[in-house]
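In what follows, a single structure is set out as structure tokens and then discussed.
Just the heavy atoms: all of them, side chains too, but no hydrogens, waters or symmetry mates, feed the values below.
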Amino acid sequence: MSSMGSTPTMSLAMTALMTVAMMVAMMLPSFAPTLWRFHRHLHAMRTPHAGERTTLFAVGYAGVWIVLALALFALNIELPPTTLAPWAGPVLLCVGALQRSRWKAERLLRCRDGCAPVPPATVAAHWREGCRFGVECGLSCAALMTVLLIAGLMDARMMAVIT
């Protein structure tokens, strides 16, 4: 039985949509300064269509987070917290070790540093750069997302603690 109980399909779809909205909303405050710097850099380079290129960068970034949100939602349905409970202790120890690792520090630095806009040779390059940046930021949050999965993605108390 899923963690959602015997919820109708429409409620599952609405919950999935809310999960996506929540994930994007949580990432926007940390992403907004990077997006602003990205656009300002393109504008300073007198790149044609800087606004469109900035939008493509943002769409790439948000696209990665939408995929992550839907994957976590699907995992939460297939592997409810009661199924994962026996593994909670070892997983949380691994998560703690990962949070303190050099790997995590490197991912976090890449995510915090942002990225310089690519040369304007191709518009699609800005979308790819947004996707790459989204993956870097997603990896820097992997440990905390694992805690959410173990605790139950839609558990409001756990979301409040992690936030």
Side-chain angles (χ1 to χ4, degrees), residues 16-76 78-79 84 87-156 158-163:
L17 183 61
M18 287 172 39
T19 302
V20 167
M22 175 187 64
M23 188 69 79
V24 171
M26 285 180 3
M27 300 320 299
L28 189 58
S30 61
F31 179 58
T34 299
L35 190 60
W36 180 72
R37 284 191 310 269
F38 187 89
H39 180 71
R40 192 176 68 190
H41 186 78
L42 286 176
H43 190 60
M45 291 178 6
R46 299 180 191 266
T47 303
H49 310 290
E52 292 171 10
R53 292 167 190 260
T54 302
T55 300
L56 285 171
F57 177 75
V59 166
Y61 178 85
V64 168
W65 280 101
I66 288 169
V67 168
L68 285 172
L70 291 174
L72 285 171
F73 176 78
L75 278 171
N76 194 58
E78 291 300 316
L79 299 170
L84 300 172
W87 298 97
V91 168
L92 291 176
L93 286 173
C94 292
V95 162
L98 183 63
Q99 280 293 98
R100 302 286 300 159
S101 71
R102 173 173 276 165
W103 180 87
K104 161 69 178 198
E106 289 171 359
R107 300 286 90 59
L108 194 55
L109 278 175
R110 288 181 186 172
C111 188
R112 285 183 179 163
D113 287 345
C115 55
V118 294
T122 170
V123 173
H126 297 287
W127 176 80
R128 283 192 305 274
E129 188 63 15
C131 290
R132 186 203 59 76
F133 188 65
V135 167
E136 288 293 339
C137 293
L139 288 172
S140 77
C141 296
L144 294 177
M145 286 189 288
T146 301
V147 171
L148 283 177
L149 188 60
I150 294 290
L153 182 63
M154 300 312 289
D155 185 336
M158 186 53 67
M159 292 297 289
V161 167
I162 288 178
T163 301

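- Residue-environment remark: CH2 (Trp103) exceeds the threshold of 12 foreign heavy atoms within 6.0 Å.
- For residues 66-75, no residue pair satisfies the side-chain hydrogen bond (donor to acceptor under 3.5 Å, both in side chains) rule, not counting sequence neighbours.
- Looking only at side-chain heavy atoms (C-beta outward), Gln99 and Leu144 come within less than 4.5 Å of each other.
- Remark: Thr54 engages His39 in a side-chain hydrogen bond (donor to acceptor under 3.5 Å, both in side chains) (not counting sequence neighbours).
- For Trp36, the side chain to side chain contact (heavy atoms under 4.5 Å, CB included) partners at least two apart in sequence or on another chain are Arg40.
- Using a distance-only test at 3.5 Å, with no hydrogens or angles considered, a donor-acceptor pair links the side chain of Ser101 to the main chain of Lys104.
- Judged as a side chain to side chain contact (heavy atoms under 4.5 Å, CB included), and not counting sequence neighbours, the contacts of Thr55 are Val59.
- Checked against side chain to side chain contact (heavy atoms under 4.5 Å, CB included), Ala62 has no partners two or more places apart in sequence or in another chain.
- A distance of 8.5 Å separates SG in Cys137 from CG in Leu108, rounded to the nearest 0.5 Å.
- Applying the salt bridge (Lys or Arg N to Asp or Glu O under 4.0 Å) definition to pairs two or more places apart or across chains, none involves residues 56-69.
- Ile150 approaches Ala88 most closely through the heavy-atom pair CG2-CB, 3.7 Å.
- The side-chain contact (heavy atoms from CB on, under 4.5 Å) test with Thr146 singles out one residue from Val91, Leu72, Leu98, and that residue is Val91.
- Pairs of residues two or more places apart, or lying in two chains, that qualify as side-chain hydrogen bond (donor to acceptor under 3.5 Å, both in side chains) and include a residue from residues 65-74 are Tyr61-Trp65.
- Leu109 CG to Arg102 CZ: the interatomic distance, rounded to the nearest 0.5 Å, is 11.0 Å.
- Side chain of Arg132 to backbone of Gly60: no donor-acceptor contact under 3.5 angstrom is found.
- Partners of Leu92 under the side chain to side chain contact (heavy atoms under 4.5 Å, CB included) rule, at least two apart in sequence or in another chain, are Val147.
- Distance check: Phe31 CZ to Phe57 CZ gives 4.5 Å after rounding to the nearest 0.5 Å.
- In this structure, Gly138 and Met145 approach most closely via the heavy-atom pair O-CE, 3.4 Å.
- Qualifying side-chain hydrogen bond (donor to acceptor under 3.5 Å, both in side chains) partners for Glu52, counting only residues two or more places apart in sequence or in other chains: none.
- The salt bridge (Lys or Arg N to Asp or Glu O under 4.0 Å) contacts involving residues 139-151 comprise nothing, where partners must be two or more places apart or lie in separate chains.
- Residues Leu42 and His126 have side chains in contact (heavy-atom distance under 4.5 Å, counting atoms from C-beta outward).
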